[in-house]
Amino acid sequence: PGFNLNYGIWLNNREKVSGGFETAVGNDYFVTSQGSYADGIWHNTILTFDDGPNLLKLYIDGVEVATNTPNIGTTPDNTGKQPIRLGANSLVEKGIINGNYTGQLNDIQVWDYAFTKEQVENLFNTESNILR
C-alpha cells in the first residue's frame with residue numbers, strides 16, 4: 001500500500017484522462033473523463049482535491065468532466081519518498097515498468113490548494129490564449 005500513487009494524471013488504455021490519488025493504506029480514489037483525448041490537440045488538464053468537502057475533480061480545457069467524493073477523512077498518502085515522475089508510471093507489475101507517456105507535456109504546476117471552478121476557467125482562458 002502507498003507505493004504507487006500520491007497524485008497522478010494519466011491517459012488510460014481507452015485514451016480517456018484519469019486522475020486521482022492513493023491513501024497511505026493503499027485505497028485508490030480517481031476520476032475518469034467520459035471522452036477520449038488522444039486526438040493530437042493540446043489539452044489543459046487540472047486535477048483538484050479539496051479535503052474540506054472531500055471532492056476530487058477533473059477539469060479538461062476549463063470544464064469539469066468528472067467528480068468523485070471519497071469517504072470523509074480520506075487524504076492522499078504523504079508518507080512516501082517516491083520521486084516525482086513526469087511521463088512515466090511508478091507502478092511495477094510483474095517486473096515490468098508500465099506506462100511511459102508518448103506525447104508532449106507543457107507547463108506542469110503543483111499547488112498546495114484546490115482551485116475553484118473560476119480559477120480553473122481563468123487559467124484555461126489565459127493559457128489557451130498564450131498557446132494560440
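All values derive from a computational prediction rather than experimental measurement.
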Output the distance between atom [atom1] ([X]) and atom [atom2] ([Y]), rounded to the nearest 0.5 Å.
| X | Y | atom1 | atom2 | answer |
| --- | --- | --- | --- | --- |
| T116 | N122 | OG1 | CG | 7.5 Å |
| F115 | D50 | CZ | CG | 12.5 Å |
| Y37 | W42 | OH | CH2 | 12.5 Å |
| L11 | S36 | CG | OG | 7.0 Å |
| F21 | I9 | CZ | CD1 | 13.5 Å |
| N125 | L123 | CG | CG | 9.0 Å |

### Message
I'd like to know whether V17 forms a side chain to side chain contact (heavy atoms under 4.5 Å, CB included) with N12, so could you lay out the CA-CA distance, the side-chain angles of the two residues, the decisive distance to 0.1 Å, and finally the verdict.
### Response
CA-CA 6 Å; V17 176; N12 70 22; over 6 Å; no
Mind listing the closest non-hydrogen atom pair of [X] and [Y] along with its distance?
| X | Y | result |
| --- | --- | --- |
| P70 | Y29 | CB-CD2, 3.6 Å |
| L47 | G20 | CD2-N, 3.3 Å |
| A66 | V31 | CB-CB, 3.7 Å |

### Task
Indicate whether the side chain of Q104 and that of N106 have a donor and an acceptor atom separated by less than 3.5 Å.
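Judged by distance alone, the side chains do not pair up.
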### Query
Does the pair F30 and T32 meet the rule for a side chain to side chain contact (heavy atoms under 4.5 Å, CB included), with working shown?
CA-CA 7 Å; F30 61 93; T32 301; 3.8 Å; yes
### Task
Side-chain contact test, heavy atoms from C-beta onward, threshold under 4.5 Å: evaluate it for N54 versus T74 and give yes or no.
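A side-chain contact exists here, since the closest heavy-atom pair is under 4.5 Å.
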### Query
Taking C-beta and beyond as the side chain, do I46 and T48 meet within less than 4.5 Å on heavy atoms?
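A side-chain contact exists here, since the closest heavy-atom pair is under 4.5 Å.
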Without placing hydrogens or testing angles, list every side-chain donor-acceptor pair under 3.5 Å for residues 55-64, not counting sequence neighbours.
| from | atom 1 | to | atom 2 | distance (Å) |
| --- | --- | --- | --- | --- |
| D61 | OD1 | N44 | N | 2.9 |
| D61 | OD2 | H43 | ND1 | 2.7 |
| E64 | OE2 | T67 | OG1 | 2.5 |

### Task
Check the surroundings of atom CZ in F49: do more than 12 heavy atoms from other residues, nucleotides or ligands lie under 6.0 Å from it?
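More than 12 within 6.0 Å, yes.
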